[in-house]
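Read the structure below first, then the notes.
Numbered from 1 within each chain, the chains take letters A, B, ... in sequence-line order. Only heavy atoms go into these numbers, but all of them, side chains included; no hydrogens, no water, no symmetry mates.
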Number of protein chains: 2
Amino acid sequence: MTDAALHIHPTGHDHAACVDEALETAETLCVERGARLTPLRRRVLELVWSSHRPVGAYDILGKLDDGARKPAPPTVYRALDFLIEHGLVHRIESMNAYLGCNHPEQSHTGQFLICRECGNVTEMDDEDVRQTLRRRAAEKGFEVRSQTVELVGLCANCKAG
Amino acid sequence: MTDAALHIHPTGHDHAACVDEALETAETLCVERGARLTPLRRRVLELVWSSHRPVGAYDILGKLDDGARKPAPPTVYRALDFLIEHGLVHRIESMNAYLGCNHPEQSHTGQFLICRECGNVTEMDDEDVRQTLRRRAAEKGFEVRSQTVELVGLCANCKAG
DNA sequence: GTATGGCCTGATACACTGTATCATACTACA
DNA sequence: TGTAGTATGATACAGTGTATCAGGCCATAC
Ligand SMILES: [Zn+2]
Ligand SMILES: [Zn+2]
Ligand SMILES: [Zn+2]
Ligand SMILES: [Zn+2]
């Protein structure tokens, strides 16, 4: 966490707490599931959580370079695959970027609110939306298995400011 | 249109009619708007419409190679940009691919039903869905400007078959 | 008719994103 | 310990998209 990253956060909140909580939840979850949150995966998760803006795989890759080791792309993508599989991270399709999930307990498909002003993305986990999509698609004979919903616009902060 | 392409179409319909209608609508629309549907752009639109499956930019690029001229990537991307700008083509974010729009008259953001079995994609233009998304996001203080909705599942054909 | 300016296309080079493959290291368990 | 399964390192490459400059086409103005 750099100071530079701090000021872009939605409400000037204590983002270190976000990160801590995310990492702890991840630990717990992985233990429960017998999944291995290795140091690398943990580090990647931490880097994804470095802000509330989606992070590119190659950004992560760059930050993994701690002088001695310079990981290669597959290293990051494999870690991301793991994290996504366990619901700890979401991929934002329209941005080719990755975002930490803040309620990974129950597997889910969220809806993402992408602010075009500040770049912050918040996840909306709305059952009404899910149902509506499923129902309307079903009326066309289509059985939905997974949903990608990404909305671009203005967040509350940026509307106010 | 090859025979090979025919059998993947949703209902064994006359796809040539789809293409003809799409091209004619595009012509009309561009005339109305004073936009120039050049031979290249028309050809790219035709190629996008070669099936009801999204087409990659480089697939189009390959098919533009008519022996003599071998266009470069920017040629295709510029044509696609034009077509997207005029609502004639949609980009499917989760597939990095492009799909012809079958009702480009009113500019819109559709919802896309992607069959994971046959690969066909149909566009659902549901105002209820749009409203629900806008409303639910607004309840979180978020003002929606554009929507990306891509649902993966099974189409009516593939469920039956 | 020529000139000017805007738009469209050609062409080269490059940036960004993601994967295939094989080798090595580590872990868990028998 | 031995062994199978998993995780990471490393190299190379595939797929997707863009920056930039040059040339060509067309319309309007002079
Ligand atoms: Zn935070
Ligand atoms: Zn914002
Ligand atoms: Zn058709
Ligand atoms: Zn299908």
(request) Using the side-chain contact (heavy atoms from CB on, under 4.5 Å) rule, take Ile92(B) and Ile114(B) through it: C-alpha gap first, then chi angles, then the decisive distance, then the call. (result) CA-CA 10 Å; Ile92(B) 307 298; Ile114(B) 305 168; 4.0 Å; yes
(message) One character per nucleotide, please: for nucleotides 17-30 of chain C, 5' to 3', B when the base has a protein heavy atom closer than 4.0 Å, S when only the sugar-phosphate does, - otherwise.
(response) BBBBB-----S---
(request) May I ask you to decide if Thr109(A)'s main-chain N or O and Arg130(A)'s side chain share a donor-acceptor pair within less than 3.5 Å? (result) yes
(message) Count I, L, V, M, F, W, Y as connected when their side-chain heavy atoms are under 4.5 Å apart, and connections chain through other members. Are Val19(A) and Leu47(A) then in the same cluster?
(response) yes
(message) From NZ of Lys70(A) over to C1' of dT8(D), roughly how many Å is that when rounded to an integer?
(response) 16 Å
(request) Fit a plane to each ring of Trp49(B) and His52(B), take the angle between them on a 0 to 90° scale, and name the class: parallel (under 30°), tilted (30 to 60°) or perpendicular (over 60°). (result) perpendicular
(message) What is the distance, to the nearest angstrom, from the CG atom on Leu61(B) to the P atom on dT9(C)?
(response) 14 Å
(request) Check the distance between dA11(C)'s C1' and Asp65(B)'s CG and give it to me in whole angstrom. (result) 15 Å
(message) What verdict does the ring-ring contact (aromatic ring centres under 6.0 Å, His included) test give for Phe112(B) and His90(B), after you've listed the backbone C-alpha separation in whole Å, the side-chain angles of each residue and the deciding distance to 0.1 Å?
(response) CA-CA 10 Å; Phe112(B) 300 95; His90(B) 292 290; 5.0 Å; yes
(request) Compare side-chain N and O positions of Thr75(B) against OP1 and OP2 of dT9(C) and report whether any pair is under 4.0 Å apart. (result) no
(request) Give a yes or no on whether Gln131(B) atom CD has more than 12 heavy-atom contacts from other residues, nucleotides or ligands under 6.0 Å away. (result) yes
(request) Mind listing the residues from residues 37-46 of chain A sitting with a heavy atom below 4.0 Å of DNA chain C? Number order is fine. (result) none
(message) Closer than 4.0 angstrom, basic N to acidic O: yes or no for Arg134(A) and Glu139(A)?
(response) no
(request) Measure the shortest side-chain to side-chain distance between Tyr98(A) and Pro54(A) over non-hydrogen atoms and say whether it is less than 4.5 angstrom. (result) no
